[in-house]
Number of protein chains: 2
Amino acid sequence: MSRPTIAGVARAAGVSVASVSRVLNGLPATEEMVERVQRAVQELGYVPDARARSLKVGRTFQLTLAVADVGNPVYVTMMRAVEEIVSAAGYRLVVTTTGPDVVDEVALVRGMARGYADGLLISPIRVDEDLVKSIRECEVPVVVAGNVPAKAGVDTVRANSPKGMLLAVDHLVAQGRTRIAFLNGPADTVPGAARSKGFTEALKAHDLEPAALAEATDFTFAAGRATAPELLGGGFDAVICANDLLAVGLMHELAAAGLEVPKDVAVVGMDDSELAEQCFPTLTSVNLGSAERGRRAAELLLARIEDNERTPRRIVVQPSLSIRRSTP
Amino acid sequence: MSRPTIAGVARAAGVSVASVSRVLNGLPATEEMVERVQRAVQELGYVPDARARSLKVGRTFQLTLAVADVGNPVYVTMMRAVEEIVSAAGYRLVVTTTGPDVVDEVALVRGMARGYADGLLISPIRVDEDLVKSIRECEVPVVVAGNVPAKAGVDTVRANSPKGMLLAVDHLVAQGRTRIAFLNGPADTVPGAARSKGFTEALKAHDLEPAALAEATDFTFAAGRATAPELLGGGFDAVICANDLLAVGLMHELAAAGLEVPKDVAVVGMDDSELAEQCFPTLTSVNLGSAERGRRAAELLLARIEDNERTPRRIVVQPSLSIRRSTP
DNA sequence: TTGTATGCGTTATCAA
DNA sequence: TTGATAACGCATACAA
């Protein structure tokens, strides 16, 4: 037995399909009509087909959130914030994962033309010409949580990494740490590049030289551990890491090397994700506003779906510092 | 300008829509036809509409994975495993989150009738009659990663919590720990109930009495911290926790109380998620086979989509113990 | 091999 | 207020 269609309901209720559709959509109808239709719907367990509906009305009432790595806790924060906004607006949120490769991101953006959803919220980790082009030409509204060139002509909401870096360095310097090292993620990524630049500027503002630099191959715990040894022996008393996963990976290697956090080495992460308070010692971390970025991005997406002619906005969310036990 | 349809491509290529469709689906056509169609597709940037297509062919080539909490790292492991299997089979995986409430799970299962996807892989945390009913009556194939009654008549792949508990207790006893406490999640959940039962049985097998018992309100880090004080002062030398998040929450409270892990108290988690090796000290954890469960569940789902008449299978994945630094 | 025509399940337009 | 019917974009049975 196949699922009942609107025609089946109409037959069972002894009315026309048009009337069933009207009742289901709350359009004017007599009380008796409403009652008859609702009973038939109930009896048959009828549920409207979303594909057919969206084919007709041109909207799916679904939104897609695309992230690079579901294992990165910063996305958890963001997803929760986005979910809250879009579900309150009556949309269903579906999450897909792209992986670290830009071609997969491009494929995903292009694929939106298939009509999966009414909008896309993407947080790209690598950005190239192709991606910018695909976003600009995307058939559905796109909002980028991250940094793409203004010429992309798209709503963006991004973090202020340099400012965040400055908060971290300010804090470390105030605690008397001046030999500061930096554990970055891949420099060919958008966040990687931004944080590298921010770190350099922040040190310059304090007239400091980097004590050591290293670049992990990914923004992951495993990469943090694997890359940490490059830093060791660098004569630093503090390390800033490009995200929390890297920081936690580093802390394990520091412990293995017999260094104590924060006594011997202070550690600062970035993202202020759930992991920052789960790890031990708890991690001082730059809050780059992932929850707020999620909220704002979701709001921009909803607004653009409402009116696609509005001029693109570029929102920057300001950072703050969450001080915990990994810094003195 | 609106997106091009197959009719637009046909017009541009000077052929019929049927021919375009055939070329796009790799059906026999002359070389010239293929060439003309492909050029038009290229020029217009045509992408077929998935809704219209699936409305016609009755398949979406999408699969839905529903989890309760994206913040729980055990789901990350599972999602990665599922993603690998289904994408290799040519399906697109979308993830939705249900929250801890069973009514939302039921709504999600019922909603599958809207035709969002060709199948559903769900890992329910709470199960009641309604949920079982909705799963049994679901319009698309469902596979449950977890435990539902056999009468649901559905493919399931679940963990063996009691066996896992026994591994944990065996290990602790072998290390000389006999005053073992248990920090459970909500007992009204499927995993909560299974682990409670498993714990009792495992202690009995060793002729031991529980040193202390506590029940957190959620399977989360925050709930673990909040509930830990109920355990403290219980005179235990080891604690088994119903999952890794609870264990990490507990460890923070132990540290705050001046207790050292594993010297004063040994801690064992369950799930063996990424968090177990990220936390400090690294967490001995019962591997309940989340990756394998994800793989097997995905395979079952694909098989059932292929043939919906096959008799439901109930797979049990055997646990193992990942020993780390939180136990002596 | 190619084109014409029908239907997938729904909403919206038009008459009645 | 209600009903018949034409799309939405695509795939396919059938005819040419």
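Order of the sequence lines fixes the chain letters, A, B, ..., with proteins taken first and strands second; residue numbering starts at 1 for each chain. Just so it is clear, the values below take in all heavy atoms, side chains as well, and ignore hydrogens, waters and symmetry mates.
Heavy atoms only, all atoms of each residue included: A/R313 and A/R296 are closest at NH2-NH2, 4.4 Å. Smallest separation of non-hydrogen atoms from B/T98 and B/A68: OG1-CA, 3.4 Å.
When rounded to the nearest whole Å, the span between CD1 of B/I6 and C1' of D/dT12 equals 11 Å. Between A/F61 atom CZ and C/dT11 atom C1' the separation is 12 Å, expressed in whole Å. Distance B/N25 CG to D/dA11 C1': 7 Å, rounded to the nearest Å. At whole-Å resolution of the value, CG in A/L27 and P in C/dT11 are 10 Å apart. Atom C1' of nucleotide C/dT10 and atom CZ of B/R53 are separated by 20 Å, given to the nearest angstrom. For the pair A/R3 CZ and C/dG9 P, the computed distance is 8 Å after rounding to whole Å. If you take CG of B/L55 and P of C/dT11, they are 12 Å apart, rounded to a whole angstrom. Distance, B/D49 CG to C/dG9 C1': 14 Å, rounded to whole Å.
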Inset, instruction - Given salt bridge (charged side-chain N to carboxylate O under 4.0 Å, His left out), test B/D101 with B/R126 step by step and report yes or no. - result: CA-CA 7 Å; B/D101 218 354; B/R126 288 184 169 85; over 6 Å; no

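With a 6.0 Å radius and a threshold of 12 heavy atoms from other residues, nucleotides or ligands, A/R310 has its CZ atom above the threshold.
Remark: A/R92 qualifies as a cation-pi partner of B/Y116 under the 6.0 Å distance and 45° angle criteria applied to the six-membered ring. No cation-pi contact links B/R80 to B/Y75, judged by a cut-off of 6.0 Å to the six-membered ring centre and 45° from its axis.
B/T5 comes within contact range of the sugar-phosphate backbone alone, with a heavy-atom separation under 4.0 Å but no base atom that close.
Toward the 5′ end of DNA chain C lies the nearest nucleotide of B/P28, the other residue of the pair B/P28 and B/A52 mapping further downstream.
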Polar atoms only, N or O, under 3.5 Å: list the protein pairs with nucleotides 3-5 of chain C and their distances.
| unit_1 | atom_1 | unit_2 | atom_2 | d |
| --- | --- | --- | --- | --- |
| C/dG3 | OP2 | B/S16 | N | 3.1 |
| C/dG3 | OP2 | B/S16 | OG | 3.0 |
| C/dG3 | OP2 | B/S19 | OG | 2.5 |
| C/dG3 | N7 | B/R22 | NH2 | 2.9 |
| C/dG3 | O6 | B/R22 | NH1 | 3.3 |

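B/R59 and B/Y91 are linked by a side-chain donor-acceptor pair at a separation below 3.5 angstrom, with hydrogens and angles left out of the test.
Distances shown here put every side-chain N or O of A/T30 at or beyond 4.0 Å from the OP1 or OP2 atom of D/dT1.
With hydrogens and angles left out, the side chain of A/K56 and the base of C/dA12 share no donor-acceptor pair within 3.5 Å.
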